Student: 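Structure provided below as structure tokens; questions to follow.
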Amino acid sequence: MALVYIEQVEEMRVNQMQQTHEDEIKILNDIDKLAFLQERGEATMEELESKINAYLDHVKEHFANEEKLMRKYDFPKYDMHKTAHDMFLEELNDAVKLWKRYENITKITNFIRRTPEWIVLHVNTVDAPTADFLAKKMDQVEG
Ligand SMILES: [Fe+2]
Ligand SMILES: [Fe+2]
């Protein structure tokens, strides 16, 4: 069973946003699986850590790219959306700090395993209306 399925999140009307969500869900499921295998000695700590680092990079780029699009097309609720991203990143950074301070990877893997709830809610209630707005604006610019 995967941690989170792409079917749980609404399809974005902006392709690059949809692709980012699909990629991120794949990374999350990979981490969940690697954490399980690592506990059983069937994957190395290096493999797990490198996937977690890929996730940290991906999520920052994910948010930064959405924020860039929102600024480019003057999305009126930019501040609300950006604040939601910033609050999540703060919690994520706290989990990373605990992981490093205690050299205990479960501080971050447990956090990551709890994130799908936030992600599904954020994508469906914040990203989806943002993408609808952006898609309309993009059509106007191209049309
Ligand atoms: Fe998103
Ligand atoms: Fe977002």
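What you see is a predicted model; the values in this text were computed from it and never measured. Every number for a ligand or one of its atoms is a count from 1 in the order of the listing.
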Student: What residues form a side chain to side chain donor-acceptor pair (under 3.5 Å) with Arg114, not counting sequence neighbours?
Tutor: none
Student: Hey, does Trp99 have a side-chain heavy atom less than 4.5 Å from the side chain of Glu49?
Tutor: yes
Student: Taking the side chain as every heavy atom from C-beta outward, state whether Met17 and Leu134 have any atom pair closer than 4.5 Å.
Tutor: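 A side-chain contact exists here, since the closest heavy-atom pair is under 4.5 Å.
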Student: Do Val123 and Met12 make a side-chain contact, defined as non-hydrogen atoms from C-beta onward lying under 4.5 Å apart?
Tutor: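 Answer yes - side chains close enough.
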Student: Quick one, Thr106 and Arg113 - any side-chain contact, counting heavy atoms below 4.5 Å?
Tutor: no
Student: Under 3.5 Å, is there a donor on one side chain and an acceptor on the other for His85 and His62?
Tutor: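 Absent: no donor and acceptor within the cut-off.
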Student: Check the Fe ion (ligand 1) and write out every protein N, O or S atom at under 2.8 Å, as residue and atom.
Tutor: His21 NE2, His62 NE2, Glu66 OE2, Asp127 OD2
Student: So what does the His81 NE2 - the Fe ion (ligand 2) - His85 NE2 angle come to, to 10°?
Tutor: 90°
